[in-house]
Structures are given as C-alpha cells and as structure tokens.
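Structure first, then comments.
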Amino acid sequence: MTAFVNNVKTAVLLGGLFGLVLVVGSQFGQGGLIVALFIGGGMNLFAFFFSDRIAIASMRGRELDETTGGDIYRMTQELSERAGLPMPRVYLCPHQAPNAFATGRSPSKAAVAVTQGAVDLLDRQEMEGVIAHELAHIKNRDTLTSTIAATVAGALAFLAQWGFFLGMGNRQGGNPLIGIVVVIIAAVGAGLLKAAISRSREFVADADGARIAGSPDGLISALLKLDAVSQRVPLQQPNPAQNNLFIIEPLSGGNTVLSLFATHPATEKRVAALRSVQL
C-alpha cells in the first residue's frame, strides 16, 4: 500500500511541477508556452531516468564492492536479504559531514550512499540502523519520489533565477512585476511541495528501518549523533534542493521561515516515535 501511495505521489509531483513550468513559460506568451511544454516534458523524462545518477555524482560518490566495501558492504547485503530486497549499489561519499541517503527509481535500480563522516562517527549498531532506514525508503519506493523532487526542484530554482534576471514579462508588453511574482511562486511552491512529501515519509522509514534492523536502538542513537554533528559540520554540496534525500537534513536551523522548507521532522519527534515502535 505504501509503495502504491508513493507512486501516486510521484505522478502528482511530476504533474504539479510540470504545471509550474507551464505557468512560468506562459509569461513569455504563446511561444514561451510551447517552449515550456518541451522543457517540462524533457525535464520529467530526464528526472525519471537520471535523477539517481545526478544525486550520486553531485555527492562525488565512489562505488564500493565486496573487495573495497568492507563492513559497510557486508552490512548492506545482510540487511537487504532481511528486508527481502535486491542488493543495492553502495557508495561512499568523501564528505566529513555525517549523513546518508538512498536513491533509485525502483528497488532493482537502487543505491545507498554514506559519507565518510558517518563511517567515522557511527558504531556498527548505529550504522545498521542508518542503512536499514535507507533500505526502508527503497522498499517503500520513496526514493523515486525524493530524487525526482530534488532534481526538478533544483531545475525550477534555476529557472526562477533565470527568469528573474531576464526580467520576465518585459517582452510583448507584459508586466515584469507579475512575471517575477509568478517565478517566485513557482520556486516556493516547489519547495513546499517537496517538503510536504518528504516529512511524513521519514517516520515510516524510521519505523520500518527499526524492524529491518531488529531494534530501534541503533537508529535512535545514530539520529541523535548525526543531528548534533550536522549542526557543527555543514554538508558541502552544490544543490540544496537535494536536502530531502538525506537521513538528517543538512544545514538545519531554527529559523521559522526556513522551517517551512524543512524536509525532515524534528529529530526529537522522530526519536520519540521510534521509542514507541512495536517490533
């Protein structure tokens, strides 16, 4: 049921973001609308087939195998079998900020990535909890929704900047102020939609991950450690639109306005929910 709901969410997300592209394109008149149709369609196809590769490449992930992966690879293999999933690709990202994410459009095309900071920070039980959480995202097909959201939201942010600097609406006698407002609404709408989809899925992945690992204790300890260190060690990544992919949101802060765009629930709420999980 969860997988079906996430497939519906993915369709709604792609349709909604495609609509936003059309709204922005319409500010250029009929010609802009036609161009937006091609851009939006191409963007959706590109996001569906290549969003996972973009996420891995942007984090400079290095693929691990049985020879190079050590405990991380073996741990992922064992937990995948326990979860009834195909073995995902495993990547190590050379970032000191401790974090992890999963990506891929289906369980057979999935990948799990951890940063060097997470490997250095977490003990075996905590890492098992983290990997189990990411495998839960794969099993529930959250990864397709989240990677597409990250890819398309990033593209829309670029489109918004591009439209702003070009002064949308100046052509064909349009009102430039209206064009700018439309672009801002498009960018804000994409951010809010991405955040709304992402927040609820974390509670489900936490609970399912605890069941895959056999206990919530490792994940609880890992979340508390990751959250504390992430406040001191920011994740240096080129695309903040990908924040929804990670187990802990990078560069989180207490700003009320920014919390509208937060892609994760508060860690203390996640920990409280995990402590009530029935195995």
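For the single chain, residues carry numbers from 1 onward in sequence order. From a predicted model like this one, the values you see are computed outputs, not experimental measurements.
- Side-chain atoms of Leu235 and Met59, non-hydrogen and from C-beta on, do get closer than 4.5 Å to each other.
- The minimum heavy-atom distance linking Phe246 with Glu202 is given by the pair O-OE2, 4.3 Å.
- Between Glu134 and Val114, every side-chain heavy-atom pair lies at or beyond the 4.5 Å cut-off.
- Between Asp71 and Arg74 there is a side-chain heavy-atom pair separated by less than 4.5 Å.
- Two residues are said to be in side-chain contact when any heavy atoms from C-beta on lie closer than 4.5 Å; His133 and Asp206 meet this criterion.
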Name the atoms and distances for all side-chain donor-acceptor pairs under 3.5 Å in residues 121-130, with sequence neighbours left out.
{"residue": "Asp123", "atom": "OD1", "partner": "Gln125", "partner atom": "N", "Å": "3.2"}
{"residue": "Asp123", "atom": "OD1", "partner": "Glu126", "partner atom": "N", "Å": "2.8"}
{"residue": "Glu126", "atom": "OE1", "partner": "Asp123", "partner atom": "N", "Å": "2.9"}
{"residue": "Glu126", "atom": "OE1", "partner": "Lys225", "partner atom": "NZ", "Å": "3.0"}
{"residue": "Glu126", "atom": "OE2", "partner": "Ser221", "partner atom": "OG", "Å": "2.4"}
{"residue": "Glu126", "atom": "OE2", "partner": "Lys225", "partner atom": "NZ", "Å": "3.2"}

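- Taking CG of Asp227 as the reference point, atom CD of Glu249 lies at 10.5 Å (rounded to 0.5 Å).
- Nearest heavy atoms, Ile247 versus Arg270: O-NH1, 2.7 Å.
- The shortest distance between side-chain heavy atoms of His264 and Ile248 does not fall below 4.5 Å.
- Heavy-atom minimum distance, His137 versus Arg201: CE1-NH1, 3.0 Å.
- Summarising the geometry, atom CZ belonging to Arg275 is positioned 9.0 Å from atom CG belonging to Asp217; distances are rounded to the nearest 0.5 Å.
- Judged by distance alone, with hydrogens and angles left aside, the side-chain atoms of Ser80 form a donor-acceptor pair with the main-chain N or O of Thr76 at under 3.5 Å.
- Counting only heavy atoms from C-beta outward, the side chains of Leu92 and Ile72 never approach each other to under 4.5 Å.
- Leu223 places a side-chain heavy atom less than 4.5 Å from the side chain of Leu219.
- Residue Leu135 holds its CG atom at 11.5 Å from CD of Glu81, rounded to the nearest 0.5 Å.
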Query raised in the report: Could you walk me through whether Arg60 and Cys93 pass the side-chain contact (heavy atoms from CB on, under 4.5 Å) check?
Result: CA-CA 6 Å; Arg60 294 179 288 140; Cys93 305; over 6 Å; no

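- Atoms CG and OG1, from Asp65 and Thr68 in turn, are 3.5 Å apart once rounded to the nearest 0.5 Å.
- Across every non-hydrogen atom of Ala97 and Pro234, the tightest pair is CB-O, 3.7 Å.
- Judged by distance alone, the side chain of Arg82 and the main-chain N or O of Ile212 form a donor-acceptor pair under 3.5 Å.
- The two residues Leu279 and Ser215 make their nearest non-hydrogen contact at CD1-CA, 3.7 Å.
- Between Val271 and Glu268 the shortest side-chain heavy-atom distance does not fall below 4.5 Å.
- Tested against Asn140 for a side chain to side chain contact (heavy atoms under 4.5 Å, CB included), the candidates Asp142, Ile138, Thr143 yield a single pass: Asp142.
- Cluster annotation: Phe203 is not connected to Leu245 through the hydrophobic network of ILVMFWY side chains, with a link wherever side-chain heavy atoms come within less than 4.5 Å.
- Taking all atoms of both residues into account, the shortest heavy-atom contact from Leu274 to Ala210 is CD2-CB, 4.0 Å.
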